[in-house]
Amino acid sequence: MLAWYDRHRRTLPWRAPAGRRADPYVVWLSEIMLQQTTVATVGGYFRRFLERWPTVGALADAPIDDVLSAWAGLGYYARARNLHACARTVTEAHDGHFPQGEEDLLALPGIGAYTAAAIRAIAFDQPASAVDGNVERVIARLYAIETPLPDAKTEIKTRAARLVPAERAGDYAQAMMDLGATVCTPRSPRCVICPLMAGCKARKLGLAEELPRRAPKREKPTRRGLAFVLSRKDGAILLRKRPAKGLLGGMDEVPSSPWREGKLSPEKAMGDAPVPARWQILDGLVRHTFTHFHLELTVAHAIATTGGLARLAPGTTWCTIDRMTERALPTVMRKVIAHAVKN
DNA sequence: GAGCCGTGGAA
DNA sequence: TTTCCAAGGCT
């Protein structure tokens, strides 16, 4: 595995040169961003974060709203809130240095079993077993584990832990993830070039592509709502902040009616408008899919009048076009605004 | 333990 | 168009 890694090692923005350890801050930041997120998507965000906040102390000093706006578009926004909270804890309770022990790492917000092991292995070269989706797949195939996920997790973790070498544990962890990402891929695995081909049970049984099996997923329901884009004459748009926790927690949004399953009644939903105005329902829908439901947003647009300005709903603020990129607008809200501007 | 929590790219 | 799912964690 390590010999293969030495030959096929990928250059990634957060990866230290061969034979060197990466800065724990860099390892942590990249691992949080990479949770359920592809390397390609993370790249730009990682560079911008590191440029703007070069140390954990700098990140700790930042206002949470700055962190959320820099995170906008990456998804799973609890990660950004936990990232910030973790930076503050490391700065204040650990003197600006990431702890090296498993228990101390697990106590930090946003760091679970996988991330703690990844930090220990990659940043501190401890023989910790970091089992992510890639490793789950590699192990499930290597041992032809037919039990569907997530039930197979216990067996996979046990098998994976036995393979961790005493030396170069960080390189080994990254090698396994590289293997899963580039060779032992979910679809069309490239078994013929795999360094583990000789010992792979799934390969032997012709099951590689079918493993790991997964429990069937629940069907996603569709929720619908009416979003209100209120424009000022200078192009500014009315925004408000979402509650700190839950879906898109702490992010900015365009005001809207509640998102509910079933048919949308635009007449009733109009009662949720942030201000009385001559609202016009725009043609078309904005569709967006979250982790556990589809969303269909109808968009209403109006131009703010001086009379209406006095009766703005509380908690709403104007945002000019040139300041839009500074706001913590999740992708779904950028879609809504784009749809309103276009129509 | 199972549901909640985003997004974009590939097929 | 739809489906799958990626370097998961929290509750």
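So you know, we letter chains A, B, ... as the sequences are listed, proteins then strands, and number each from 1. Computed over heavy atoms, backbone and side chain alike; hydrogens, waters and symmetry mates excluded.
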Legend entry - Length of the line joining Leu68(A):CG and dG6(B):C1', which is rounded to integer Å: 14 Å
Inset, instruction - Decide whether Met176(A) and Val39(A) are clustered together by the hydrophobic rule: side chain heavy atoms of Ile, Leu, Val, Met, Phe, Trp, Tyr closer than 4.5 Å, transitively. - result: yes
Inset, instruction - Would you kindly give the CD-to-P distance between Gln36(A) and dG9(B), to the nearest whole Å? - result: 17 Å
Inset, instruction - Consider the side chain of Thr38(A), meaning its heavy atoms from C-beta on, and name the nucleotide among dC10(C), dG8(C), dA6(C) that approaches it most closely. - result: dA6(C)
Inset, instruction - Measure distances between side-chain N and O atoms of Thr291(A) and base N and O atoms of dG6(B), and say whether any donor-acceptor pair falls under 3.5 Å. - result: yes
Legend entry - side-chain N/O Arg218(A) vs dC4(B) OP1/OP2, d < 4.0 Å: yes
Legend entry - Whole-Å P distance, dT11(C) and dG6(B): 14 Å
Legend entry - CZ (Arg213(A)) with more than 12 external heavy atoms under 6.0 Å: yes
Inset, instruction - Map Ala40(A) and Arg81(A) onto DNA chain B by nearest heavy atom, then report which one ends up closer to the 5' terminus. - result: Arg81(A)
Inset, instruction - First locate atom CG of Leu59(A), then atom OG1 of Thr91(A), and finally report the distance between them rounded to the nearest 0.5 Å. - result: 8.0 Å
Inset, instruction - Give one of base, sugar-phosphate or nothing for Ala130(A), where a contact means two heavy atoms less than 4.0 Å apart. - result: nothing
Legend entry - base_contact_polar (dG6(B) base, Thr37(A) side chain, donor-acceptor, <3.5 Å): yes
Inset, instruction - For Leu12(A), answer base if it contacts any base atom (sugar-phosphate contacts may also be present), sugar-phosphate if it contacts only those atoms, and nothing otherwise; contact means non-hydrogen atoms under 4.0 Å. - result: base
Inset, instruction - For dA6(C), take OP1 and OP2 only and decide whether either is under 4.0 Å from a side-chain N or O of Tyr76(A). - result: no
Legend entry - Earlier contact from the 5' end, DNA chain C, for Lys245(A) and Pro212(A): Pro212(A)
Legend entry - Touch class at under 4.0 angstrom, heavy-atom based, for Arg214(A) against every strand present: sugar-phosphate
Legend entry - Between P of dT3(C) and NZ of Lys220(A), the distance in whole Å: 9 Å
Inset, instruction - Decide whether Ile321(A) and Val254(A) are clustered together by the hydrophobic rule: side chain heavy atoms of Ile, Leu, Val, Met, Phe, Trp, Tyr closer than 4.5 Å, transitively. - result: yes
Legend entry - Atom pair distance, as rounded to whole Å: NZ in Lys217(A) and C1' in dC5(C): 7 Å
Inset, instruction - Ignoring the backbone of His292(A), work out which of dG8(B), dA6(C), dC4(B) is nearest its side chain. - result: dC4(B)
Inset, instruction - Using whole Å, report how far CH2 of Trp28(A) lies from C1' of dG9(C). - result: 14 Å
Inset, instruction - For Thr331(A), report the nucleic acid contact type (base, sugar-phosphate, nothing); a contact means any heavy atom under 4.0 Å. - result: sugar-phosphate
Inset, instruction - Could you please name the option among dT7(B), dG6(B), dA6(C) that lies closest to any side-chain atom of Arg79(A)? - result: dG6(B)
Inset, instruction - Compute both the distance and the angle, then confirm whether Arg48(A) meets the cation-pi test with Tyr45(A): under 6.0 Å from the six-membered ring centre, within 45 degrees of the axis. - result: yes
Inset, instruction - Describe the nucleic acid contact of Gly73(A) in one word from base, sugar-phosphate, nothing, applying a heavy-atom distance below 4.0 Å. - result: sugar-phosphate
Inset, instruction - For the side chain of Arg187(A), starting at C-beta, report the closest nucleotide among dC5(B), dA6(C), dA10(B). - result: dA10(B)
Inset, instruction - Just call it for Val135(A): base, sugar-phosphate, or nothing, with non-hydrogen atoms closer than 4.0 Å on any strand. - result: nothing
